[in-house]
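Below, chain A is the first sequence line, B the second, and so on; all start at residue 1.
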2 protein chains.
Amino acid sequence: MAVTIKDVAKKAGVNASTVSRVIKDSSEISDRTKTKVRKAMMELGYTRNAAARILASGKANTIGVVFPPVLDKSSQPFFMKILTAINETARKFNVSIAIATGHTQTDLKKQVRMMYSERRVDGFIVLYAGKTDIIREYLLGNSIPFVLVGTPSEQQNEITHIDNDNKLLGREAVRHLATLGHRNIAFVTDTTDGEVFSERYQGFSEEMVSQNLTKSLVKFDRSFSIGRETALVVMDDVLTLKVMERLNALGFRVPDDISIITYNNSIFGTITHPFLTTFDINVVRLGQAAVEKFLDLLNNNPSYHEKTVIPFELILRESTKAR
Amino acid sequence: MAVTIKDVAKKAGVNASTVSRVIKDSSEISDRTKTKVRKAMMELGYTRNAAARILASGKANTIGVVFPPVLDKSSQPFFMKILTAINETARKFNVSIAIATGHTQTDLKKQVRMMYSERRVDGFIVLYAGKTDIIREYLLGNSIPFVLVGTPSEQQNEITHIDNDNKLLGREAVRHLATLGHRNIAFVTDTTDGEVFSERYQGFSEEMVSQNLTKSLVKFDRSFSIGRETALVVMDDVLTLKVMERLNALGFRVPDDISIITYNNSIFGTITHPFLTTFDINVVRLGQAAVEKFLDLLNNNPSYHEKTVIPFELILRESTKAR
DNA sequence: CTGAAAGCGCTTACAG
DNA sequence: CTGAAAGCGCTTACAG
């Protein structure tokens, strides 16, 4: 019922294989034939059948995107944003994407394994870098092509990954605040797990020391309070909103009494005032690079696994101020 | 290289067609044979090839999920949440999902058309119900199966759709506030477009009138202010945060001076105090129903197009108070 | 209850 | 530069 390569071939007066070659714009085919065939395709409204192509070529031309095994992915705008970026970049390269979501690692792994063994996907983009992850183990153990968005805590040389320079992100936060005259700065976090925290904090610490400033590390919890700090570096913007509420209750005003600089530049930074001074981690580029690197991995099968570092940008808004 | 149906057939000493029947658990096959074949599948680690199955059966077993043509889908937790729910429900029915995202209607339509004509998907779940939408027109015009999450402003009888009862949502907001003793209530919105607004506002109005209360409609913008109202019904929780900031600046305190009830129950309602009293619209059920209804549409091809109404739930928190 | 065969719509060596 | 043929791994009438 749908129009096939054969219909086109007949109409154009060529063999089906020729039509196939025209479709992939093979340089072997003469321009005359190409024009003729393309005209026939146009007239018949031909579109190629994805399944037939995949079956015959042995390539799924599809990337699986793996979301973290947590319940609420929707509270972090990051995921929808990178998904969109990945999808749009993939389209540019004429590949599709499939997604894997699950609440537990086991669930997720089952899904990932199924996708790959049914040959639905050529490999994966993994959107998280948890400490020990059975999906990563599985992929690594079976030599399945994948790239990671984030920085794995182990086997960095065996995993192609894309991330920001989190250490530099820590340093730059300090630099900005120091420029504004702050000398007593705390790093505020709600989690001390993961590479993101440790690298940012390390960068923060190094810069504080090298500039001879007074630093502290504060874990945000029920009893959160601050001492003589005049500025804070906060792990992300949602946390910042909570921190600010707390500071308010304690009688501090942002930015008049306390400056805050944070990360992610999500929508949470511009809902209520003061709008947040924040680092934009360039999620779109992270997604684009993930696709590009994955395709590179798949097609050129390089023997090394590199890290791609995506630049970030400081967005100056209202939560930091010179003292 | 991968193990195929033939390998299994040989190992089990049967014909390939028998294996195929065992896979789909056909009632024609004897239990003895089934056991034998399944054992062979296990031992060889067989998984069926998705592309071959799709090609031979003519069914993609995949649903395309269409996101709205707006730039920033990530600022609304709704999308990631429903995507997850859809994906998980789809898995239960052994179907896959593919996604279509684009910044413009044209872009999106191109994608949707391509997905369908390449036979990648059997149809679509459309996640928005804009006024005039060329994607919807295209789907309708070509009799492509699809369901809509939301309520279309036209052709409601030709479109299978899933939504909350927005009118009731408007009514219930009033009822809650009235119970708390509020008699002067404003409906606050930042947009007067779309069915969601008009239905909620209609329900709000009807209930206000029937309870003989004093109502007003306030558009939220730079000059936002309120008069003698003691309570507000606000279109969504992000807007509520902005409204609250404004009220604060004007010297009103929530909930002491003004009660607020809102919609969506997203993360935005519980970041800072007062936590928001809000209606949970049950996004997970919306997603599940979308998949179920789509599959029903596809397999049973009913001659009518029904609306499925998903119940909601009032989440009482801190932003409403008796006066 | 099971088998043999045709066919789904492509791609890709192999020939010429 | 183009064609003829085999094959990708399934499903599904058709027979028996």
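Between the CD1 atom of A:I29 and the C1' atom of D:dG3 there is a distance of 10 Å, rounded to whole Å. Straight-line distance from the CD atom of A:E28 to the C1' atom of C:dG16: 13 Å, rounded to whole Å. Between the CG atom of A:D25 and the C1' atom of D:dC1 there is a distance of 15 Å, rounded to whole Å. Atom CG in A:L55 sits roughly 14 Å away from atom P in C:dC8 (whole-Å rounding). Going from atom CD1 of A:I5 over to atom P of D:dA4 covers 14 Å, rounded to whole Å. One atom, CD1 of A:I54, and another, P of C:dT12, lie 13 Å apart when rounded to the nearest Å. Nucleotide D:dC1 holds its P atom 8 Å from the CG atom of A:D31, rounded to whole Å. For B:K59 and C:dG9, the NZ to P distance is 15 Å, given to the nearest whole Å.
Cation-pi geometry between A:R119 and A:Y116 is satisfied (NZ or CZ under 6.0 Å from the ring centre, within 45° of the ring normal).
In this structure, B:S26 contributes its side chain and B:V22 its backbone to no donor-acceptor pair below 3.5 Å. Although no hydrogens or angles enter the test, the distance criterion places a donor-acceptor pair under 3.5 Å between the side chain of A:Q105 and the main chain of A:I134.
Distances from the side chain of A:S30 to the nucleotides C:dC10, D:dT11, D:dT2 place D:dT2 closest.
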### Task
Could you walk me through whether A:E306 and A:K293 pass the salt bridge (Lys or Arg N to Asp or Glu O under 4.0 Å) test, one step at a time?
CA-CA 9 Å; A:E306 61 188 20; A:K293 289 297 157 184; 2.7 Å; yes
### Task
For the pair A:L83 and A:I97, evaluate side-chain contact (heavy atoms from CB on, under 4.5 Å) and give the outcome as yes or no after the intermediate values.
CA-CA 9 Å; A:L83 176 62; A:I97 71 156; 3.6 Å; yes
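Residue A:K24 is classed as a sugar-phosphate contact, given heavy-atom separations below 4.0 Å to backbone atoms only.
Contacts between residues 33-53 of chain A and DNA chain C, defined by a heavy-atom separation below 4.0 Å, involve A:Y46, A:T47, A:R48, A:N49, A:A52, A:R53, listed by number. At a non-hydrogen distance threshold of 4.0 Å, B:S17, B:S20, B:R21 from residues 11-23 of chain B come into contact with DNA chain D.
Residue pairs meeting the salt bridge (Lys or Arg N to Asp or Glu O under 4.0 Å) criterion with at least one partner in residues 70-95 of chain A, sequence neighbours excluded, are A:R91-B:D107. Applying the salt bridge (Lys or Arg N to Asp or Glu O under 4.0 Å) definition to pairs two or more places apart or across chains, those involving residues 20-29 of chain B are B:R21-B:E28, B:D25-B:K34, B:D25-B:R38.
Rounded to the nearest 0.5 angstrom, A:L298 CG and A:I63 CD1 are separated by 8.0 Å.
Residues forming a ring-ring contact (aromatic ring centres under 6.0 Å, His included) with A:Y128 (at least two apart in sequence, or on another chain): none.
Base pairing in DNA chain D gives the following stems of 3 or more Watson-Crick or G-U pairs, range against range and under 3.5 Å: C:1-3 with D:14-16, C:5-12 with D:5-12, C:14-16 with D:1-3.
A heavy-atom distance below 4.5 Å is found between the side chains of A:V112 and A:L139.
Defined by atom type and a distance below 3.5 Å, a donor-acceptor pair is missing between the side-chain atoms of B:S20 and B:S17.
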